[in-house]
Protein chains: 2
Amino acid sequence: MTGNAKPRAVEKPAGGKTRIQMENETRILGAALDIFSESGFHGATLDRIASQASMSKPNLLYYFRNKEEIHVALLTGLLDVWLAPLREIRPDGNPVDEIGSYIRRKLESSRSFPRESRLFANEILAGAPHIGDFLQTELRQLVEEKAAILQGWIDDGRMATCDPRHLLFAIWSTTQHYADFSVQVRHVLGLDPGDKSYYDEAANMLETLFLGQLISVN
Amino acid sequence: MTGNAKPRAVEKPAGGKTRIQMENETRILGAALDIFSESGFHGATLDRIASQASMSKPNLLYYFRNKEEIHVALLTGLLDVWLAPLREIRPDGNPVDEIGSYIRRKLESSRSFPRESRLFANEILAGAPHIGDFLQTELRQLVEEKAAILQGWIDDGRMATCDPRHLLFAIWSTTQHYADFSVQVRHVLGLDPGDKSYYDEAANMLETLFLGQLISVN
DNA sequence: AAGATATTTGACCAAACGGTAAAAATGATA
DNA sequence: TATCATTTTTACCGTTTGGTCAAATATCTT
C-alpha cells in the first residue's frame, strides 16, 4: 500500500529528519516569517506563505499540521534570540559598559532581525496569546535577576534612583521601535524604503539619552 | 415606493445628520475601536463589531460602506489626537518644562487612550497602508518644525548635542510602549489585567531618563 | 392619520480560506 | 532494478467572511 506517513512535527522518536525535510521546513519558516511579520497572523494566508516558499499549500501542510503550528514554531524559535542580549548583562561590570553594550546589542538585533521583531510586536499587541506563559515565567524571572543587578548599582550610587525594570522597558521600546515602526521613522525622516541609515543616528541618540546627560542643568 | 436612500458617509450636502445617525455612528466606531485595537484589521470581523455595537451586520453596513471605511474613519479621527501633544511644544519655553510636559502628555495619552494607541501601532506595523501620506506630509512637517525648536536649544547649549528627531522617536516609543505592550509590562511586573498602577512608576522613570542624569559620572 | 423618509432585519451569495483525501511522483535502499 | 517510504500534486470540502437585496418596520413631517 502506498504509505502516507506524515512527519508532522515529532514523528521519528530519534528526531531523525530527512534532508528534504530540513530544507523544506526552513524554507517554510522563512517564508512564513516574511508573511506573518508583514501581515500579522490573521492577515497572513497559507496560500501566500506557500507561494512565498515556492510550494503548494497541501505540501506545506505536510510539514506543519496547521497555520498556528507554523506561527508557534516561529515564536518559540524567537524567544531565545529575544532574551540573548539581556542575558549578557554582567553584575561585575560597570553601568556605562553594561547598559551601553546592552543597548547596542538590542539595536543591532533590531537592525538584523526586523522581521522577528515585528512578529514579536504583533504577538504582544494581540495580547500575547501564545507566549503569555513565557512572559510570566522565563522573561519575568530574567528581568527580576537583571533588575537586581541594576538595583545594586543604584544602591552603590553609580546610577540614579529609578525602577530598573522600567529602565529595561525603556531600552526595549526605544530599540525595537526602529524595527517595528520603521515605516514611520522612514517617512518622517524622508528616507527611501530599505534605507537603514537612521540606525547610526539612533545609536548616537540612545547613547546620549541613556549614558550621558540629555538636558543641561542651568 | 419604499425608499432605500442610504446615507453612506457623505450624503446630505449640508452634512445634516439625523439623531439616530449620529448615535449609531458613534456606537459603531466605539465598538470597532474595541475590536480593531484588540485583533487588528484582519483579525476583526464585521460580525463581532456589529455584535459589540448591539446591531445587525446589514444595519452596520447601512452606515459604513465596508469594513475598511470604518477602519479609515477611526484612523483619521485618531491623527489629531496623536498630534495634539506634540503641537503644544513652545519655542519660548525651556527644555525641562517643554520636554517634561510633552512626555507627561504623551504618557497620559497612553493611559487614557490605549485602544487608540494600539490601533495606531497596528497600522504602522502593517506598513501604514492608510496613513502613509499623513506620515510623509503632516507628521513630517510638524516634526521638522518642532525639531527646529529643540535644535535651537541645542545650539544655545541648553541640551546635549543629539538628533532632535530621534529624541522625539525615543519619547514616542517609551510612552506608547505602556499602551501597546501593556500585556508584556503587566506580565513582567506580575500585575493583574486592568491594573494600571505601573503608569506612575513609568512617569518617574521617564522623568529621570529624559530630564535627569541616569548614569553617574565617576 | 397619511404619506414620505429613514432605519432595521432576515435571507442570501460569492469569494476566500483553512484544511483533507488519495493518487501520482520522487527518492532512498537493498 | 525492484521495493518501500517519502514527498508532491490534483481535486475537493466545509466554514467563515465581507457584502447585497428586498422587504419590513420605525420615525418624522404635515
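Chain identifiers are assigned alphabetically (A, B, ...) following the order of the sequence lines, protein sequences preceding nucleic acid strands; residue numbering begins at 1 within each chain.
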Q: What's the separation between atom OG1 in A:Thr174 and atom CG in A:Leu206, rounded to the nearest 0.5 Å?
A: 5.0 Å

Q: Please enumerate all protein N or O atoms sitting under 3.5 Å from an N or O of nucleotides 13-17 of chain D, with distances to 0.1 Å.
A:
none

Q: Give a yes/no on whether any side-chain N or O of B:Thr18 is located under 4.0 angstrom from OP1 or OP2 of D:dC28.
A: no

Q: Would A:Asp195 and A:Ser197 count as having a side-chain donor-acceptor pair, cut-off 3.5 Å?
A: yes

Q: Using atom CG of A:Leu61 as one end and atom C1' of D:dC12 as the other, report the distance to the nearest whole Å.
A: 14 Å

Q: Taking atom C1' of C:dA16 as reference, at what distance in whole Å does atom CD1 of A:Ile49 sit?
A: 15 Å

Q: Please report the interatomic distance CD(A:Glu116) to CG(A:Leu33), rounded to the nearest 0.5 Å.
A: 4.5 Å

Q: C:dT7, OP1 or OP2 - any side-chain N/O from B:Tyr62 closer than 4.0 Å?
A: yes

Q: When all nucleic acid strands are considered with a 4.0 Å heavy-atom cut-off, which category describes B:Arg19: base, sugar-phosphate, or nothing?
A: sugar-phosphate

Q: So, is A:Asn24 near the phosphate of D:dT8, with a side-chain N or O under 4.0 Å from OP1 or OP2?
A: yes

Q: Measure from NZ on B:Lys17 to C1' on C:dT5 and round the result to the nearest Å.
A: 18 Å

Q: Of A:Ile20 and B:Ile20, whose nearest nucleotide on DNA chain D comes first from the 5' end?
A: A:Ile20

Q: Could you give the CZ-to-C1' distance, from A:Arg48 to C:dG18, as a whole number of Å?
A: 15 Å

Q: Can you tell me which residue pairs pass the salt bridge (Lys or Arg N to Asp or Glu O under 4.0 Å) test with a partner in residues 98-108 of chain B, sequence neighbours excluded?
A: B:Glu88-B:Arg105, B:Glu108-B:Arg111

Q: Distance check needed: D:dT7 P versus A:Arg27 CZ, whole Å only.
A: 13 Å

Q: Heavy atoms from C-beta onward define the side chain here; which of D:dT20, C:dG19, C:dA21 lies closest to that of B:Pro58?
A: D:dT20

Q: Does a nitrogen or oxygen in the side chain of B:Tyr63 sit under 4.0 Å from OP1 or OP2 of C:dA6?
A: no

Q: Are OP1 or OP2 of C:dA6 and a side-chain N or O of B:Gln21 less than 4.0 angstrom apart?
A: no

Q: Looking at B:Glu23 and B:Arg19, is any side-chain nitrogen of the basic one under 4.0 Å from a carboxylate oxygen of the acidic one?
A: yes

Q: Let me know the distance between CG of B:Leu60 and P of D:dT20, rounded to the nearest Å.
A: 12 Å

Q: CZ of A:Arg65 versus P of C:dA21: gap in Å, rounded?
A: 14 Å

Q: Rounded to whole angstroms, how far apart are CE on A:Met22 and P on D:dT7?
A: 11 Å

Q: Going through the distances and angles, do A:His130 and A:Glu68 end up as a side-chain hydrogen bond (donor to acceptor under 3.5 Å, both in side chains)?
A: CA-CA 10 Å; A:His130 295 117; A:Glu68 194 174 6; 2.8 Å; yes

Q: Report which part of the nucleic acid A:Asn59 touches: base, sugar-phosphate, or nothing (heavy-atom distance under 4.0 Å, all strands).
A: base

Q: Residues two or more places apart in sequence or in another chain: which of them pass side-chain contact (heavy atoms from CB on, under 4.5 Å) with B:Asp163?
A: A:Glu201, B:Arg165, B:His166

